[in-house]
Protein chains: 2
Amino acid sequence: MTGQQSIFELFSDETTSGVAYKNKSLKRTIINHLDAIGNTTITDLAQALNISVPKITSLINELITDGLVKDYGKVDSKGGRRASMYGLVAESGFFIGVDVKHYCVNLGLLDFKKNLVTSEMHVPYVLANTRESFDQLIKIIQHFISTLPVQSRNILAMCVNLSGRINSESGYSYSFFHFHEEPLSATIEQAIGIRTFLENDSRAMAYGEFHNGIVKEEKNVLFVNLDYGIGLGIMIDGKIYRGKSGFGGEFGHIPLFANEIICHCGKKGCLETEASGQALIRQFKEKIEQGSSSSLLQHNKLPEDIRLADIIQATKNEDVLSIELIAGIGEKIGRGISVIINIFNPELVILGGTLAETGDYIRLPIRSALNKYSLSLVNNDTQLHMSKLHELAGVIGGCLIARDKLLAIGN
Amino acid sequence: MTGQQSIFELFSDETTSGVAYKNKSLKRTIINHLDAIGNTTITDLAQALNISVPKITSLINELITDGLVKDYGKVDSKGGRRASMYGLVAESGFFIGVDVKHYCVNLGLLDFKKNLVTSEMHVPYVLANTRESFDQLIKIIQHFISTLPVQSRNILAMCVNLSGRINSESGYSYSFFHFHEEPLSATIEQAIGIRTFLENDSRAMAYGEFHNGIVKEEKNVLFVNLDYGIGLGIMIDGKIYRGKSGFGGEFGHIPLFANEIICHCGKKGCLETEASGQALIRQFKEKIEQGSSSSLLQHNKLPEDIRLADIIQATKNEDVLSIELIAGIGEKIGRGISVIINIFNPELVILGGTLAETGDYIRLPIRSALNKYSLSLVNNDTQLHMSKLHELAGVIGGCLIARDKLLAIGN
DNA sequence: TATAGTTACTAAAATATTTTATTTAAAGGA
DNA sequence: TCCTTTAAATAAAATATTTTAGTAACTATA
């Protein structure tokens, strides 16, 4: 029995029963505990899990022969024999995260101990709802895997993040690549040969930020993904909230404005029509047409070719028009966030995504809108932080989702 | 050892350890399972909980001597020996729910099997944030208990539902009766002599409707409490969602309108300023001042004395003004609900509270506003139902919360 | 009505786990 | 450095749980 087989064996509920099943289940509990707490001793495990020391000892020894756990040496003690520390083995399995953006793909490889082994950022790619675009995505993933320093059979699972409506339970994507009868996750799984999960981009970013980012003890956290659209990743009680069919968090399309702008979703008055990256670009072009000037257009750039990244770069170069527009967008996003703060009373709201890279230019107007629009008792309860992982949030989140889905962590 | 002592013993994590602790914990698991599934057989329990038949048998026998479980006779069989059914004992403990409304109090008594034994509805009472009002509430509860057909020591817990901001974990109420240093729940507990919990009224109604009302298999459910204010009870994954400090669900104060009406929360543009019972009464008075007529004023009633219940009654008598105003309110509530549908993608939205008693007069405009304002993919996923428990929702919900907090069900 | 087939329940045997006692390993003070 | 104290690891004994095998209770069918 190789260690690798053991992982799949251990985490698949086969027809084991009785004592065999209980041992399997206890081993999973131990792995989950080591994952949550980090390296620890047999005595600690025995106390935490309410299992006797000899039993834990024998289970740990089995996990060591399985290759999933190893001895990390002795702990320091203040009187008494020093205990051995046991912990997960980083090399016992790897996970891939694929974060698909509008104009690029970011990929990463995570080991079993949640370290990002390697990543490839900004692989040029244009996301379009076509077969060609899909085929190119597959090629990018295949190429990434071919460059990896680990054997393909040691890669246990992969998660692909896409924007739009995703049912990560069934593996269907409704906004992109909905060509086949079978779920998109199955199509990718066949093409790549690795167990594949699908997740909405904002939820994956929220998950990354939650487990490896800015979040410490907080359990109810909202991640606002400010990009061309506005996404929302909801973490409740430490778990991703997806809603009935995985359509939860459609924050960008709440009807907050009494305007006449038709949103790409077909409705009027959506938050996204006035407070998203798309809206920012539209407003930028309008201002230019109305005669405003911007340093952005100095290098023979046409207004049509302006991308969100350009405007964000311009704010760093103190372009006045860009800064003004971002402030206006921020105020409206703030009004939107005040809605979800009132409803969720979260411990923490994280601002992430491309637009969040403008830092205080967007944070301050959001902050002041929150004071204006949300209940002070609730608002004072809530921290507002910028993303810590920045563009790595999606990659790391994807890897972690692949890992935790396979290991059945956090359901 | 009396059965009653056993309940508290069984559900308090004392310094038991080892086998004793495991048995205690297994007994709780069995009780939880019997609670969730209903009466069942030893074989079923053994399979569901992955414990051997002889072990389950001995635990069930202990629970029978504890007085918590009893034999409900044989099941029908289709071939083979008939199995004994075991289930909880209704009389092994009782729970009180106290639903405090603006102008009355509703009280109920629930047994261990979740049957409503008795209830006393519409006890006259005026909720005000004064000590006198609080003292009167205590007297009403004491009187209710004195009329009950069960001994006070068999009442295991009580839950009091109040509107406004409640931290049900700490037992503090911030909107009403915040007179003492100690939590309000402790003050009531001392006055009455029964273990007391506090809960927000809308959340309690949601819980009642979830467990004993219209909800069947759904796990993500929103309950909208349409009363003088607008409350929201959020059920996620079968559990009440309360937020960081219990302030979650402040749906009435999301900034949805660009009006100049100052809400009692101090902000402008709150949903409640245009779409609540308060707003309805205000609009009614305005219309009357502008010369509209209503059957409501025929019996020498002054516009100042109009209560929400009067307007609702008037719609049943086909009062045109009331019906028109309710339709307008419904359209705006629908816009609010479309926000939370987009965010939560719930399986079910329940309309409850006093205003919901107008039935289709409020449901239809809400329904059409949902079609107008929320994403069709998400909206089509969501059922919209009227409350089934009506004014009993809060009472039953309160009883169930008391029960489930004591039994540590659903955390 | 007898009998085969099915399932629940129970007793005894086998196995597993916990408990207790003992040994090993370390820290810290005299 | 030696001895005492503390805690981990291990071994042996005691207890608990599961497994297996056998019995009881019921249905369906000939």
*Bounds of contact between DNA chain D and chain A, in 5' to 3' order, using a heavy-atom cut-off under 4.0 Å*: D:dT6 to D:dT19
*Set of residues satisfying salt bridge (Lys or Arg N to Asp or Glu O under 4.0 Å) with respect to A:Asp111, sequence neighbours excluded*: none
*DNA chain D-proximal residues of residues 47-54 of chain B, any heavy atom under 4.0 Å*: B:Ile51, B:Ser52, B:Pro54
_The single option from A:Asn61, A:Leu59, A:Ile60 passing side-chain contact (heavy atoms from CB on, under 4.5 Å) against A:Thr57_ = A:Asn61
*Sub-3.5 Å donor-acceptor pair from the side chain of B:Glu199 to the main-chain atoms of B:Gly398, do we have one?*
no
*Provide, to the nearest angstrom, the distance between the NZ atom belonging to B:Lys55 and the P atom belonging to C:dC9.*
18 Å
*asked:* Under 4.0 Å, heavy atom to any atom of DNA chain C: which of residues 79-87 of chain A qualify?
replied: A:Gly79, A:Gly80, A:Arg81, A:Arg82
*For B:Glu182, does the CD atom sit with more than 12 other heavy atoms under 6.0 Å from it, leaving out its own atoms?*
yes
_Counterpart residues, side-chain contact (heavy atoms from CB on, under 4.5 Å), relative to B:Ser245 (two or more places apart)_ = A:Asn345, A:Asp381, B:Asn167, B:Phe247
_Could you check whether any side-chain N or O of A:Glu209 sits under 3.5 Å from a backbone N or O of A:Ile214, counting only pairs where one atom can act as donor and the other as acceptor?_
yes
*Taking atom types as modelled and ignoring hydrogens, do the side chains of A:Tyr207 and A:Asp404 form a donor-acceptor contact shorter than 3.5 angstrom?*
yes
*5'-most by nearest nucleotide on DNA chain C - A:Val19 or B:Gly18*: A:Val19
*Check: B:Tyr86 side chain, B:Gly73 main-chain N or O, donor-acceptor pair, under 3.5 Å*: no
_So that I can tick it off, tell me whether A:Lys113 and A:Glu91 are bridged by a salt bridge, with the cut-off set at under 4.0 angstrom between side-chain N and carboxylate O._
no
_Does anything in residues 43-65 of chain A form a salt bridge (Lys or Arg N to Asp or Glu O under 4.0 Å)? List the pairs, not counting sequence neighbours._
A:Lys27-A:Glu62
*Using a 4.0 Å heavy-atom cut-off across all strands, classify A:Asp44 as base, sugar-phosphate, or nothing.*
nothing
*Nearest-Å distance, CG (B:Asp76) to P (C:dT7)?*
15 Å
